[in-house]
4 protein chains.
Amino acid sequence: MSGTQDRPLRADAARNRAKLLDAATAVFAARGVGVPTEEIARAAGVGVGTLFRHFPTKEALLEAVMVRRLETIAAGAARVAAESEPADALFACFRLIAEQSVGKTAFAGALAAAGIDVHTSLRGPSAAIRELLADLLHRAQRAGAVRPGLTLPDLLALLVGANAALDQLGPDAAGRGRVLEVVLTGLRPH
Amino acid sequence: MSGTQDRPLRADAARNRAKLLDAATAVFAARGVGVPTEEIARAAGVGVGTLFRHFPTKEALLEAVMVRRLETIAAGAARVAAESEPADALFACFRLIAEQSVGKTAFAGALAAAGIDVHTSLRGPSAAIRELLADLLHRAQRAGAVRPGLTLPDLLALLVGANAALDQLGPDAAGRGRVLEVVLTGLRPH
Amino acid sequence: MSGTQDRPLRADAARNRAKLLDAATAVFAARGVGVPTEEIARAAGVGVGTLFRHFPTKEALLEAVMVRRLETIAAGAARVAAESEPADALFACFRLIAEQSVGKTAFAGALAAAGIDVHTSLRGPSAAIRELLADLLHRAQRAGAVRPGLTLPDLLALLVGANAALDQLGPDAAGRGRVLEVVLTGLRPH
Amino acid sequence: MSGTQDRPLRADAARNRAKLLDAATAVFAARGVGVPTEEIARAAGVGVGTLFRHFPTKEALLEAVMVRRLETIAAGAARVAAESEPADALFACFRLIAEQSVGKTAFAGALAAAGIDVHTSLRGPSAAIRELLADLLHRAQRAGAVRPGLTLPDLLALLVGANAALDQLGPDAAGRGRVLEVVLTGLRPH
DNA sequence: CATGAATGAGCATTCATTCAT
DNA sequence: TATGAATGAATGCTCATTCAT
C-alpha cells in the first residue's frame with residue numbers, strides 16, 4: 001500500500017538510498033535538474049551504478065525526490081491543520097506549503113519541460129494534500145472566512161503562485177511576510 | 001569598438017531573424033527549452049547555420065525571445081498606464097503582465113536551471129517595466145489605493161507569482177479571473 | 001522503389017557514407033559486431049556524429065552492411081545465372097554465394113543473438129536472390145539435374161551451411177574445393 | 001601447483017554448479033550469449049556471487065557449458081560408433097552430432113566474435129570426438145564407403161556446416177532429413 | 001550569405017566483477 | 001559460504017557549434 005517499499009531493504013542499501021535522495025535534493029536545488037547523474041552520485045559518495053540500482057532512471061530519481069518532498073509537506077500540513085479551527089488552519093497550511101517548497105518551481109518546470117509524466121507516483125502524496133486542502137477550504141468557506149466562489153484548483157494555483165513569488169523574492173524575510181500577507185488577505189471575503 | 005555594431009540588416013536577413021524568433025517562441029513554448037536548435041531552424045524554414053549566424057548561441061536565441069516578449073509587454077503596459085489614473089493603471093498593468101506572460105514560467109525556470117545569465121540584455125526592457133511599475137506603485141500608494149509598506153520587489157514577486165498561478169490554472173477563464181481578483185484585492189490596504 | 005536513396009545526397013556526404021560502410025564491413029569482419037561504434041568511425045576517418053547521422057543506430061549500420069553485401073551477391077549471382085543453362089547456373093550460383101559470404105556466419109549469428117529484426121530492409125535484396133534460386137532450382141529439377149524433392153528452404157539452408165563450413169575451413173583452397181564438391185554432389189539425384 | 005586442484009566439491013556446491021550449468025545452457029540458448037550474468041544466476045536460483053564463485057568469468061561459464069555439451073555429444077557418438085561397422089557408424093555419428101548441437105552456431109559465433117579463446121578447455125572433449133571421427137573416417141574410406149580424398153578438417157567443416165544448415169531450417173523434420181541426406185550422399189564416393 | 005554535413009565532448013545507462021554483510 | 005549491493009569502465013547516442021560546399 002505504501003508504494004515505494006518493496007522489501008525490507010538491507011541496512012546499507014537503505015542508507016545509500018537516503019544519501020542519494022539527500023544529495024539529489026541538494027544538488028538539483030543548487031545546480032538545476034540538468035546536472036549529470038554522476039555529480040549526484042559523487043555528492044552522495046557512491047558510484048553511478050549504485051544510483052541506477054536504486055533509481056532505474058534519472059527521471060525516477062527526480063520523482064522520488066519530489067515524492068519525498070510532498071510527503072514531508074503533507075505530513076506537516078496535516079499536523080498544522082489539526083491544531084486550529086478550519087479558517088486558521090487553512091491559512092497556516094497555505095503559509096507552510098508555500099514556504100516549504102523552496103525551489104520547487106524550477107523542479108516542476110524542468111520536469112514538465114522534459115515531458116516527464118510525474119503524475120503516477122505523485123498522485124498519492126499530492127492527493128493527500130489536495131484532500132486536506134479541499135476539506136479545509138470547504139469548512140473555511142462555510143465559516144465565512146474565505147471567499148465563497150473560490151475552488152480547489154484556484155487555491156492550488158494560488159499556492160503554486162505564492163511559491164513562485166517567494167522563490168523569486170529570495171531570503172528577504174520581511175518581503176516574504178508582506179507577499180504572503182497580500183495573498184492571504186485576498187483569500188478572505190470582501 | 002566598431003565590431004559589435006548593429007548594421008541596418010538586409011531585408012531578407014531581417015525576415016529570417018523574425019522567422020527564427022517566431023519559430024523559437026512557438027517551439028520553446030510547445031516543447032520546452034530542451035528542443036534541439038535544429039528543430040527550431042526547421043520550424044523557421046532555414047538551416048541551422050542561419051540560426052547560428054543570427055544568434056551566436058542557443059542561449060542568445062532564448063534571450064532574444066524573452067527580450068522581444070518583454071518589449072511587447074512593456075509597450076502594452078505603457079499604453080495601458082497612460083489611459084487611467086495611477087491606482088487603476090497599476091491594477092490594469094498587473095493584469096496585463098500576468099496574463100501576457102503565459103508559459104514564461106517554464107522559460108525562466110529553465111533559463112535559471114541552465115545557469116544562464118539573462119540579465120545583461122534583459123536589463124533594458126525589464127528596466128523599462130520596472131520603472132513604470134515603480135512609478136505607478138508609488139503614486140497608487142500615495143493615493144491610498146495600495147498597501148503602504150509594499151515595495152517594488154514585492155510587487156514584482158507577486159507578478160511572477162500571479163503568472164505562475166495562471167500558468168498552472170490553464171485556460172479556465174473564470175478561474176483565472178478569481179485568482180487575479182484574489183491577488184489584486186490583497187494589494188489594496190486593509 | 002530503391003529504398004535506401006532518399007535524396008541525391010551531397011558529394012562529400014555520399015563519400016562519407018561509403019567510407020563508413022567500407023570501414024564497418026572491414027571492422028565488423030575483423031573484430032566482430034561487438035566493436036564500439038567509435039572504432040568504426042575512426043576506421044572510416046570520421047567522427048561518431050557523422051556515423052550516427054548516416055545510420056541512426058548501430059543496428060542500422062549492421063543492416064546496411066548486410067544489405068550491401070546481399071546486393072553485391074545478388075548482382076553476381078544474376079550475372080552468373082545468365083551465362084549457362086539452368087543446372088550449371090544453379091551450381092555456379094551456389095558456389096558463388098557460398099564463397100562470397102565469408103564471415104557472414106558471425107554476422108548473422110550476432111544479429112540474431114542481439115534480437116535484431118533484420119528482415120525489413122533485407123527482404124528486398126534477399127528476395128531477389130531467393131527468386132533467382134527458386135527459378136533455377138525449379139528448372140534444374142525439371143532438367144533432372146537436381147534431387148526432385150528438394151525445396152527452396154532446403155537449398156537456402158544448405159547454402160548457409162556451406163557458408164559456415166567454408167568459414168570454418170579457412171583459406172585452405174583444396175579443402176574448400178572438396179567441401180563444396182561434397183555438397184554439390186549431394187544435390188544431384190541418386 | 002596445488003592452487004588450481006579440483007577438490008571433490010561439497011554436495012550443495014556440486015548441486016549449485018549443476019543448476020548454474022543447466023540455467024546457463026537454457027538461458028544462453030533462449031536469449032543469446034548477451035544476457036547479463038545476473039539473469040543466469042536468477043534462473044539458477046542463486047546469487048551472482050555464487051555464480052562467480054563457481055565460474056571466475058562469464059567466459060568460463062560459456063566454456064563450461066560448451067564443454068558439457070561436447071562431452072554429451074562425445075559420449076553419444078562413442079556409443080553409436082560401437083554399434084555398427086565403420087561406414088554406417090560414421091554416418092550415424094555425423095547425424096547425431098549435427099542434430100544434437102542445435103543452437104551451437106549462435107554460441108560459437110558469439111564466442112568467436114567476443115574474441116574468446118575457447119580452445120584450452122575444449123580441446124579435451126573435442127579431441128575425443130576428433131579422434132573418434134578420424135578413426136571412423138579412415139576406416140570408412142578404406143572400406144570404400146567415403147570419398148577417398150576427404151580429410152578430417154573437411155569432415156569437421158561439413159559437420160559445422162550441417163549444423164548451421166539444420167539450425168537455419170528450424171524444426172521442419174522432413175526438410176532436416178532431406179538436408180542431411182544431401183550432405184551424407186555427398187560424402188560417398190562418386 | 002545560406003545550407004546542412006561534420007564534429008566530438010558530454011550524458012544516461014549497462015554489466016562484469018568485487019566485497020561487505 | 002551464499003548473497004546481492006556497490007563499483008566504475010565502457011558504450012550508444014545527442015546536440016550545440018563549426019565549416020566546407
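Numbers restart at 1 for each chain; the letters A, B, ... are given by sequence-line order, proteins then strands. These figures come from a predicted structure and were not determined experimentally. Scope of the values below: all heavy atoms of this structure, side chains included, with no hydrogens, waters or symmetry mates.
Listed by chain and number, the residues in a side-chain contact (heavy atoms from CB on, under 4.5 Å) with B:T72 are B:Q100 (sequence neighbours excluded). In this view, B:V48 and B:T37, B:E38, B:A41, B:F52 satisfy the side-chain contact (heavy atoms from CB on, under 4.5 Å) rule, not counting sequence neighbours. Residues that satisfy the side-chain hydrogen bond (donor to acceptor under 3.5 Å, both in side chains) test with B:R42, not counting sequence neighbours, are B:E39. For A:R68, the salt bridge (Lys or Arg N to Asp or Glu O under 4.0 Å) partners two or more places apart in sequence, or in a different chain, are A:D22.
The distance from atom CG of C:L62 to atom P of F:dT11 is 15 Å, rounded to the nearest whole Å. Atom NE2 in A:H54 sits roughly 12 Å away from atom C1' in F:dT7 (whole-Å rounding). In this structure, A:L61 atom CG and E:dT13 atom P are separated by 10 Å, rounded to whole Å. When the C1' atom of F:dA5 is taken as reference, atom CZ of A:F55 falls 14 Å away, rounded to whole Å. At whole-Å resolution of the value, CZ in B:R42 and P in E:dT3 are 14 Å apart. Residue A:L20 contributes atom CG, which lies 14 Å from atom P of E:dT13 at whole-angstrom precision. Rounded to an integer number of Å, the gap from D:I40 CD1 to F:dT3 P is 16 Å. Taking atom CD of residue B:E39 and atom P of nucleotide E:dG4, one finds them 15 Å apart after rounding to whole Å.
The side chain of B:N16 contributes an N or O atom lying less than 4.0 Å from OP1 or OP2 of E:dA2. One finds no side-chain N or O of A:R53 lying less than 4.0 angstrom from the OP1 or OP2 phosphate oxygen of F:dG4. Residue D:T50 has a polar side-chain atom (N or O) positioned under 4.0 Å from OP1 or OP2 of F:dT3.
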Once base and sugar-phosphate atoms are separated, protein heavy atoms under 4.0 Å mark nucleotides 15-21 of chain F, 5' to 3', with B, S and - as SSBB---
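Annotation: side chain of C:F28 is in contact with side chain of C:I40 (closest heavy-atom distance under 4.5 Å). Between D:L21 and D:F55, some side-chain heavy-atom pair lies under the 4.5 Å cut-off. Residues D:D12 and D:R15 are in side-chain contact: their nearest non-hydrogen atoms beyond the backbone lie under 4.5 Å apart.
Both B:L51 and C:V46 lie close to DNA chain E; mapped to their nearest nucleotides by heavy-atom distance, the more 5′-ward contact belongs to B:L51.
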Symbol by symbol from the 5' end, with Watson-Crick or G-U pairs under 3.5 Å, [ ] crossing and | another strand, DNA chain F is .||||||||||||||||||||
Criterion side-chain contact (heavy atoms from CB on, under 4.5 Å) on D:L62 and D:M66, from CA distance to verdict:
CA-CA 6 Å; D:L62 272 167; D:M66 300 217 32; 5.5 Å; no
### Message
side-chain contact (heavy atoms from CB on, under 4.5 Å), that's the test. Do C:H54 and C:T50 meet it? Break it down for me.
### Response
CA-CA 6 Å; C:H54 285 281; C:T50 303; 3.8 Å; yes
